[in-house]
Structure formats: structure tokens, C-alpha cells
Peer 1: 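Input: one structure, supplied below.
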Amino acid sequence: MFSEPISKYFRLQVRQKEALKKLGLETINDILFHFPSRYGDASELNLIQNTEDKQGVIIYGSIKNISLGKTFKTKKPVAKATLTDNTGTIYITWFSQPYIAKMFPENSVVKLEGQIQINSSGKKTMINPKIEHAETIPNNIADSLFDDDSIHLSPYYPESRGVTSLWFYHAIQKIFKTKEFAEIIDPVDEEILEKYHLPNLKSALIWIHTPRKRSDAESARKRFAFQEVFLIQLQKQREKALALQEKAYAVNKKLSDLKYFTSRFPFELTNSQSAAITSVLNDLEKGHPMSRLLEGDVGSGKTAVAAVVSEAVTSTNPFNQNYGNLQVAYMAPTEILAKQHFENFITYFKDSNIKVGLLTGSGCKKFPSKVRNEVATNISRAQLLKWVANGEIPILIGTHALIQKSVNFKHLGLVVIDEQHRFGIEQRKKLARKDKFFPHLLSMTATPIPRTLALTIFGDLDLTVIDQMPAGRKPIISEIILESERKKTYEKIREELNAGRQAYVICPRINDPDPDVETKLNLKSVMSESDRLRKDVFPEFSIDVLHSKMKTSEKDSVMADFESGETKILVATSVVEVGVNVPNATIILIEGADRFGLAQLHQLRGRVIRSNHQAYCFIFTDSKSEKTIARLRAIKTAKNGFELAEIDLQNRGIGELSGNRQWGISDLAMEAIRNIKMVEFARAEAIELIKDDIDLEKHPDLKEFMEKRKMIHFE
Ligand code: ADP
Ligand code: MG
């Protein structure tokens with residue numbers, strides 16, 4: 001029953017069908033797990049007689065005296081009606097919505113949402129309220145929603161026009177009465193639930209949909225939040241355990257063995273970098289695949305770590321061979337970054353005889369070139385792939401193009417991944433092709449995320465943190481700039497530009513919105529802000545733009561001009577190529593900063609900490625809210641990105657955790673992630689369970705549940 005379509009059990013009108021579809025609800029199970037977004041109770045009743053002037057209300061009642069006319073001057077259609085409940089009457093006007101008269105004939109029972117206005121004579125009116133059909137007229141909301149007097153909290157569902165909370169209430173009551181519901185199977189072990197005082201599935205479903213007290217609803221939510229994280233942990237811990245069952249090429253090197261390589265660097269490794277390299281080398285010895293995450297702020301030197309580790313791998317012979325090299329695949333999220341890593345690797349590997357290849361959608365390169373030893377050369381994709389397949393090119397850097405079928409390594413020892421949040425066991429297996437050895441995995445990220453989120457989404461990886469910046473770096477000066485200080489700040493920037501530095505200007509969007517569409521948000525756009533800066537602010541400097549809608553070739557030439565210093569100011573959106581390395585760019589100005597999460601601001605700021613010149617981050621906001629400005633100030637005081645991510649996490653709800661969706665976990669799991677204890681419990685239980693039941697043979701219900709949700713696959 002649970003996986004069957006809703007329409008099999010409920011007679012649905014067209015508008016209800018459409019509304020359910022819009023909400024993404026197809027099966028009985030979908031409605032059962034469509035949770036209320038809030039609960040009302042009798043004290044929240046909106047009876048007409050209790051409403052006050054300027055109050056935002058939801059009112060149920062019946063429509064009467066509906067009429068359609070035209071406005072006096074502009075001749076626009078205007079619909080009028082009254083709404084009555086048992087306690088009073090409201091006079092309603094809808095402008096330019098003539099269809100309302102047709103859709104809601106006399107005596108329709110409706111739900112209205114809008115603001116009440118009371119005029120001097122005490123007459124209550126509403127202008128343009130939201131209106132939708134309701135099933136019954138309530139005396140009061142508690143009665144209306146519930147036949148059962150003992151229930152006091154009424155659920156409000158995230159609604160869509162056409163299907164009301166009341167409909168959900170009745171639908172769910174009907175499901176609750178079925179035999180199937182009585183026998184619903186709980187995927188989570190009873191012992192685990194008892195240990196953490198969480199309700200079982202059946203109670204939790206009843207409590208979340210029709211709680212008698214708020215605490216019931218809360219414990220139900222807690223259970224589902226726990227369940228979400230527990231399932232993710234199970235999935236990750238299982239992947240981790242599966243990886244460990246595989247064989248990998250053993251690499252037996254100590255950091256001291258690699259002195260010949262590191263001594264060519266123009267700098268000393270920081271202690272943090274050395275420790276990170278050592279922890280990786282310890283993993284590589286073991287003959288089982290490493291799964292490690294290297295976390296470090298932008299500029300902390302992760303690429304250098306990857307280079308040293310790559311040297312350790314490529315200077316190792318394949319298993320049972322005293323010739324040849326193990327290979328390294330280094331995958332970056334964008335072409336620009338792939339190219340930049342390629343350039344960096346050239347500087348690290350130029351004095352060794354290791355060849356480095358670059359594979360992207362728009363072209364391939366090889367270093368060194370045959371004719372000139374110190375430069376890279378363009379080669380055909382076919383040629384590059386041939387050399388990768390026969391092992392002649394030990395290091396291949398690229399974008400997602402690296403995991404295409406056509407790319408075959410001879411002896412792939414290590415995969416290095418930059419800023420990819422998911423690179424599961426399936427992808428590793430694919431990369432290994434037919435090799436019986438699994439590649440080691442070094443995943444690197446500068447994305448400041450809270451610890452609980454890291455423990456969850458990277459649950460399959462062991463964690464190493466680089467918490468030290470290379471010596472000689474001056475801390476970046478970050479300032480919150482209010483509108484009144486704009487001019488002064490431009491002068492400060494002009495000084496820096498005159499001294500030879502370069503600047504980024506980040507805008508929240510690419511283009512101005514359609515001028516015909518009214519918008520309250522007055523956000524700066526890359527296109528118009530770059531025009532304004534050219535004309536009115538920095539006419540003496542060359543200004544260019546970069547954004548995600550540009551072609552790769554355009555982006556490349558823009559970046560090349562900026563890197564060469566020809567372009568002084570680069571106006572860009574936030575989405576483009578965080579991590580691009582232009583050491584001479586020491587200023588970043590962020591427009592509309594209140595729109596960004598702190599962690600995101602921190603990441604943007606990371607673009608200007610690449611050199612030994614003093615760097616500046618100017619955070620512009622025209623917000624007048626004390627709270628917003630106080631929040632932004634945290635960026636001046638926080639020690640690192642991870643601390644800022646924690647603050648964002650606590651502020652969520654207003655969408656502060658930037659790119660919440662990007663982590664691919666549900667809102668409920670996000671809720672759990674705010675609770676470190678819960679995440680740790682879930683993790684501990686998952687580790688325990690997987691330890692002696694990797695394929696969940698002893699937990700068939702759980703296994704089925706996870707298979708259904710496509711969280712685990714069995715061949
Ligand atoms: P990340 O990838 O962590 O953002 P990179 O590895 O790109 O950082 O390093 C940023 C810059 O710092 C590069 O120009 C690199 O050459 C330099 N760098 C790396 N390690 C050190 C170090 N120990 N001392 C000084 N400079 C370093
Ligand atoms: Mg990097």
C-alpha cells in the first residue's frame with residue numbers, strides 16, 4: 001500500500017492532483033512522510049471577531065455577495081465579496097483577479113490568508129488576500145481540523161494551492177486506520193531507539209501529524225532527524241568498510257625519503273603540512289585503500305601536500321615490478337582550477353622526470369614538451385589517453401573528464417580530489433577499471449563546514465586538518481562597510497591599485513533583473529556594476545567581468561588578462577572559481593554581503609590571501625538591521641572558516657548555511673546536524689552496526705529501507 005499512488009486510495013479533484021504533484025507527493029508513503037511545518041492551537045484561532053487591525057491572519061469562512069466590477073479610473077477588473085464565519089464579517093476586494101468570482105461561487109467554503117484592516121467605523125476589510133477552497137466551515141480551528149476532542153494541536157502542512165492542511169489531516173487519519181499502518185515496520189532497531197529515548201516509527205508518525213502536546217511533536221521530529229543522520233552514517237560507514245576490504249598498491253615512503261623533492265620548493269613546509277603528509281604516507285603503506293579528507297583554509301598549502309604525496313606515489317613501482325610508476329589522477333571541479341593545478345604541478349615537478357598531463361573538455365596538454373623542456377605543449381586527446389593507458393604519463397590532472405570511460409590508467413595508485421563533496425566507492429571502483437587494486441583517495445577541501453556536517457557527509461573519510469598558514473602571511477584586514485563609507489573605501493582601494501595591486505569586486509548576480517518586473521531587492525549585478533565602476537569610480541583602471549554564463553574560452557582569456565596584471569579590477573559573481581590563484585590580487589570587495597553566509601564570505605575572502613602583500617576584504621552592506629551587521633562582524637573576529645560555519649549553522653532557518661542544498665541532505669538531517677550529540681550517537685551506532693554486519697544481513701528491514709531510498713546498492 002505505501003508505495004502505491006495516492007489516487008488509488010483517495011478521490012482527487014484535478015486541482016488537488018496538480019497541487020500534490022507540485023509538492024512532489026506521489027505515493028501514500030510520500031504523504032505519510034510529508035510533515036507539518038508548524039502546529040497551531042486554540043489560542044491561535046482566527047475568528048473574525050477576534051482579529052485586530054493590521055493583523056496577518058488565516059481565516060476560514062464562507063464567501064457571499066460576490067460581484068465583479070471595474071475600477072473607476074483605470075477600468076481594471078475588481079472582484080468584491082464578503083467572508084463570514086460564525087462570529088463576524090469581513091469585506092474583501094481583489095484587484096485584477098476577475099477569475100476569483102468564477103472560482104469561488106456564492107457560499108464557497110474557503111480559507112483566506114492576508115492582512116486585516118479595520119476602518120474608523122469598525123468595518124473589517126482585506127485587500128487581495130490569498131484564497132483557496134476549504135472542505136468544511138469551522139466553528140473554531142481546533143474543531144474544524146479534528147473530530148477528536150482530545151487533540152489540541154492542529155497541523156499546518158507546507159501547502160500548495162489546491163490541497164489544504166485539512167485535506168492532509170483527513171488523508172493521514174485514513175492511512176492511520178489501515179491494517180498496513182498498524183503493521184508498519186520500523187527500520188531502526190528498538191534498542192537504539194530505547195537507548196536514546198526516541199519513539200518508534202508508528203508513534204512518531206502519529207505524534208508528528210497529530211500531536212497532543214508540543215513535546216510529542218518534538219520527540220517525533222527528533223526521531224526522524226536521528227534516523228536521517230543514522231542512515232547517512234550507515235551508508236558512509238559501510239562504504240568505508242567496503243573500501244578497507246579492497247587491496248591497494250602499498251607505497252612505502254617516509255617524508256624524509258622525499259627530501260630531494262621538497263628541498264626544491266621555494267619555501268619550507270609548515271609543521272601542519274608535514275604532519276598531513278606523514279598521516280597520508282602512513283595510510284599509503286597499508287596495502288588497503290586510504291580514504292582521507294584534508295581540510296584546510298584556502299592558502300594553507302594543500303596543493304603542495306598533494307604534490308609531495310603524488311611524488312611518493314609516482315616514484316613507487318607497481319606491485320611486483322621493479323620498473324614503471326604508479327599513477328595519480330587529480331580531479332578539480334572546474335577547468336580553470338584544473339589548469340591552475342597543472343601549472344602548480346609543473347613548478348613542483350619541473351626538475352624531476354615525471355610527466356604531467358592535463359585533460360579537460362576543451363583540450364589536453366602535456367608537460368614537459370618534447371622540444372622545450374620547461375614548458376607544456378598541446379597534444380591531442382587520443383595521444384594523451386594513449387600515454388596515460390600505457391603508463392608513460394604518471395600524473396593526470398583534469399576535470400570530471402577524468403572519470404570518463406575512455407580514460408584508462410595502467411596502474412592508478414592515487415586519486416586526489418579537490419572540492420568535490422561526494423566521491424563514493426562506486427566512482428573509485430569505476431576509476432580503477434579492471435585493476436584488482438583500488439586507488440587511494442585523498443579528498444581536499446577548503447569549504448568551511450561545521451564539524452557535525454563534516455562528520456556526516458564525509459563520514460567515510462578519515463580527517464586531517466591543516467590549521468596553520470604559511471609563515472610570513474599577514475592576516476587579511478576585513479572591514480564591514482556601510483553605504484556611508486563607500487566613497488572613502490573606494491579611495492583606499494585606489495591607493496592600493498596605484499601601488500600596483502589588483503582587486504576583485506563580487507556582485508550577487510550577473511545581470512539586472514528585467515526592468516518590467518518589480519523587485520524590492522536592489523542587488524548589484526556584475527554587468528551594471530562594472531559599467532558604473534568604469535564610468536564613475538575607476539575610469540583610470542582596466543576593468544573586466546567574469547561569470548558563470550560565459551564560455552570557457554572567454555573565461556580563460558579574462559583570467560589570463562587578470563593573472564598577467566593587464567586587468568586591474570575583475571568584477572565577478574561569487575560562483576565563479578573560488579580558489580583561483582592570482583597573488584597580486586590583494587583586494588576583494590563584496591557587494592550585498594548580507595546575502596551571503598559567513599562561511600561563503602570567508603571563502604571569497606580566501607582569494608586574496610595568496611601573497612605576502614597586505615590583503616583587504618571590504619564587506620559592503622546596505623542593510624540597516626543591527627542583527628545583520630552584528631552577524632557580519634563575526635567575520636572579523638572568527639579564527640577560521642570552520643568557526644564561521646558553526647555560526648552559520650546556528651543561524652540557519654534564514655538560509656544562512658549557504659548552499660544548504662549542495663550537501664544533498666534533507667532539511668531534517670540538517671536539523672539533526674545542529675545537534676552534535678545526536679550526530680555522534682548516530683555515528684557511533686552506525687559504526688557498531690556495520691562492524692559485524694557490513695551487508696546488513698542481520699537487519700533486513702533496514703536493508704530494504706535503505707535500498708528503497710537508493711542509499712545502498714548490492715550487485
Ligand atoms: P591551497 O590549495 O590550500 O589553497 P596552495 O597549495 O595553492 O593552497 O598554496 C597557496 C600558495 O602558498 C601557493 O602559492 C604555494 O606555493 C604557497 N605555499 C604553499 N605552502 C607554503 C609554505 N609552506 N610556505 C610558503 N608558501 C607556501
Ligand atoms: Mg587548492
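Just so we're clear, the structure is a prediction, and the values are computed from it rather than from any experiment. We count ligands from 1, going down the list as the structure has it; atoms in each ligand are counted the same way.
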Peer 1: Drop me the distance from I354's CD1 to Q327's CD, to the nearest 0.5 angstrom.
Peer 2: 10.0 Å
Peer 1: Salt bridge (charged side-chain N to carboxylate O under 4.0 Å, His left out) with R451: which of E646, E295, E680, E643?
Peer 2: E680
Peer 1: Should you measure from each heavy atom of T270, which atoms of ligand 1 turn up under 4.0 Å away?
Peer 2: 23 (N)
Peer 1: Which pair of non-hydrogen atoms, one from T262 and one from L269, has the smallest distance, and what is that distance?
Peer 2: CG2-CD1, 3.9 Å
Peer 1: I'd like to check which ligand 1 atoms, numbered from 1 as shown, lie under 4.0 Å from a non-hydrogen atom of E268.
Peer 2: 22 (C), 23 (N), 24 (N)
Peer 1: Measure the spacing between CG of L337 and CD of E419 and express it to the nearest 0.5 Å.
Peer 2: 8.5 Å
Peer 1: For G296 and ligand 1, answer yes if some heavy atom of the residue is under 4.0 Å from a ligand atom, otherwise no.
Peer 2: no
Peer 1: V298 versus ligand 1: do any nitrogen or oxygen atoms come within less than 3.5 Å of each other?
Peer 2: no
Peer 1: Do Q273 and ligand 1 have an N or O pair less than 3.5 Å apart?
Peer 2: yes
Peer 1: Which value, rounded to the nearest 0.5 Å, describes the distance between I277 atom CD1 and N282 atom CG?
Peer 2: 12.0 Å
Peer 1: Looking at A304, which atoms of ligand 1 are within less than 4.0 Å of one of its heavy atoms?
Peer 2: 6 (O)
Peer 1: Under 3.5 Å, N or O to N or O, is F267 touching ligand 1 that way?
Peer 2: no
Peer 1: Go through ligand 1 atom by atom and flag the ones less than 4.0 Å from a non-hydrogen atom of Y348.
Peer 2: 15 (C), 16 (O)
Peer 1: With no hydrogens and no angle check, just 3.5 Å: does a side-chain donor-acceptor pair link E335 and S362?
Peer 2: yes
Peer 1: Select one of side chain, backbone, both or neither to describe which atoms of L269 lie under 4.0 Å from any atom of ligand 1, heavy atoms only.
Peer 2: backbone
Peer 1: Between F367 and F342, is the ring centroid distance below 6.0 Å?
Peer 2: no
Peer 1: Under a heavy-atom criterion of less than 4.0 Å, does A446 contact ligand 1?
Peer 2: no
